[in-house]
Amino acid sequence: MRIGWLIGWAVPEDWFGTLAKEAFPDARHVVVRPSRGAIDGLEAGAPFDWVVGYSLGTLLLLGHARRAERLGRIAILAPIFSFPREEGMGGRIARAEVRILARRLDKDPARAIREFRSRAGLEDIPEARTDPQRGTGPGELAWGLAQLDTVRIDPVLPEGWTGWCGADDPLLDAERLNALDPRIIPLRGVTHHPRGLIGAFAASIGRAIDRQAVGG
């Protein structure tokens with residue numbers, strides 16, 4: 001099985017890739033960071049059995065849904081239709097806070113990244129990893145925050161997509177997302193950390209395989 005992952009803001013590719021390999025040890029993984037060229041990066045690694053977005057990566061997949069669907073089946077973890085709380089689309093963080101983070105990123109990137117990871121519950125990313133993604137400069141990180149600040153997607157998943165969000169996510173309101181689209185499943189005891197979300201996705205694939213085996 002081949003899985004393409006489009007990950008979240010300030011999340012190291014190798015750290016996320018380790019979590020993906022833990023859940024799918026026999027799969028081949030292509031991990032792409034969120035950037036202007038993220039969909040191009042996925043296309044370069046295609047075809048996939050699954051394309052999975054996480055956090056900011058979900059916003060980018062939703063914004064390029066037709067291109068994404070050509071690459072494989074789609075699942076989204078911690079989905080974002082519009083991030084600022086003021087939009088009423090599942091975000092818990094005020095737009096002003098996103099803009100404060102953007103200003104801090106400009107002045108002190110390492111501090112901004114640490115503060116975001118703490119807020120998101122990603123403290124287990126090694127402290128030394130203040131450069132979150134190889135080849136990522138402040139400009140690319142600032143671009144990602146601008147997407148979270150300004151982009152708004154129609155709050156309905158495309159046909160065939162499925163998603164999960166942690167009921168204890170400090171950044172996103174899982175119940176509100178489920179109300180917008182019942183295919184987004186709230187997960188008790190799960191936060192914004194990708195491990196629990198990846199685990200739910202892996203379990204769903206396992207159940208599907210079991211049903212196919214019984215049917216066959």
Side-chain angles (χ1 to χ4, degrees), residues 5-19 31 33-35 38 52-62 76-133 136-153 163-178 180 184 186-200:
W5 304 87
L6 181 48
I7 62 175
W9 192 82
V11 174
E13 294 161 271
D14 54 357
W15 178 83
F16 190 97
T18 296
L19 299 180
V31 181
R33 63 180 183 250
S35 68
V52 186
Y54 165 66
S55 193
L56 175 55
T58 71
L59 187 65
L60 302 183
L61 287 179
L62 287 163
I76 53 176
L77 314 178
I80 297 173
F81 294 111
S82 181
F83 189 66
R85 183 174 64 211
E86 293 85 345
E87 297 290 336
M89 294 169 63
R92 294 187 186 273
I93 308 301
R95 178 173 275 114
E97 293 184 59
V98 179
R99 294 178 179 178
I100 289 169
L101 182 62
R103 290 195 292 271
R104 287 179 179 165
L105 179 70
D106 183 55
K107 295 178 180 179
D108 188 347
R111 177 189 172 192
I113 291 167
R114 285 195 301 269
E115 290 181 354
F116 169 78
R117 289 175 178 169
S118 177
R119 183 72 177 269
L122 304 176
E123 294 95 340
D124 61 328
I125 296 176
E127 178 66 22
R129 295 299 306 276
T130 53
D131 176 17
Q133 298 148 341
T136 301
E140 188 168 289
L141 291 170
W143 179 87
L145 286 180
Q147 307 311 295
L148 293 175
D149 182 359
T150 63
V151 175
R152 185 182 191 278
I153 304 294
W164 291 266
C165 187
D168 298 324
D169 192 318
L171 307 185
L172 301 171
D173 184 339
E175 294 300 329
R176 175 58 179 158
L177 288 164
N178 176 258
L180 291 169
I184 298 173
L187 299 171
R188 292 182 181 180
V190 175
T191 67
H192 199 75
H193 196 288
R195 180 177 280 110
L197 297 163
I198 293 171

When you measure from the side chain of Arg188 to the backbone N and O of Ala167, does any donor-acceptor pair fall under 3.5 Å? no
With side chains defined as the heavy atoms from C-beta onward, is the minimum distance between Trp5 and Leu19 less than 4.5 Å? no
A side-chain contact here means heavy atoms from C-beta on lying under 4.5 Å apart; do Leu77 and Pro194 qualify? no
Tightest non-hydrogen contact, residues Arg85 and Ala94, listed as NH2-CB, 3.4 Å
Look only at the side chain of Ser55 and the backbone of Ala78, and say whether a donor-acceptor pair between them is shorter than 3.5 Å. no
List the atom of Pro34, the atom of Leu56, and the distance in Å for their closest heavy-atom pair. CB-CD2, 3.6 Å
Please report the C-alpha distance between Arg195 and Asp124 in whole Å, then the side-chain angles of each, then the deciding distance to 0.1 Å, and finally whether the side chain to side chain contact (heavy atoms under 4.5 Å, CB included) criterion is met. CA-CA 11 Å; Arg195 180 177 280 110; Asp124 61 328; 4.1 Å; yes
Of the non-hydrogen atoms in His192 and Ala120, which two are nearest, and what is the gap between them? CB-O, 3.5 Å
Please step through side chain to side chain contact (heavy atoms under 4.5 Å, CB included) for the pair Tyr54 and Val11, ending with a clear verdict. CA-CA 10 Å; Tyr54 165 66; Val11 174; 4.1 Å; yes
On a heavy-atom basis, which atom in Ala38 and which in Leu60 lie closest, and how many Å separate them? CB-CD1, 4.3 Å
Is a donor on one side and an acceptor on the other found under 3.5 Å between the side chain of Glu86 and the backbone of Arg95? yes
Give the intermediate values and the outcome of side chain to side chain contact (heavy atoms under 4.5 Å, CB included) for residues Leu141 and Phe116. CA-CA 12 Å; Leu141 291 170; Phe116 169 78; over 6 Å; no
Report yes or no: does Arg117 contribute a side-chain atom to a donor-acceptor pair with the main-chain N or O of Ala10 at less than 3.5 Å? yes
Do you know the tightest heavy-atom contact between Glu123 and Ser118? OE2-O, 3.3 Å
Are side-chain heavy atoms of Arg119 and Leu101 found at a separation under 4.5 Å? no
For Arg103, all residues meeting side-chain contact (heavy atoms from CB on, under 4.5 Å), sequence neighbours excluded: Arg99, Ile100
Kindly indicate whether the side chain of Leu171, heavy atoms from C-beta on, has any atom under 4.5 Å from the side chain of Arg92. no
Examine distances only and state if a side-chain atom of Glu87 and a backbone atom of Phe83 form a donor-acceptor pair shorter than 3.5 Å. no
Report the residues that fulfil side-chain contact (heavy atoms from CB on, under 4.5 Å) with Ala174, sequence neighbours left out, ordered by chain and then residue number. Cys165, Pro186
Among Thr191, Ile93, Leu177, Ile184, exactly one meets side chain to side chain contact (heavy atoms under 4.5 Å, CB included) together with Leu172. Which residue is that? Leu177
Note: Ser82 and Arg152 closest approach over all heavy atoms is CB-CG, 4.0 Å
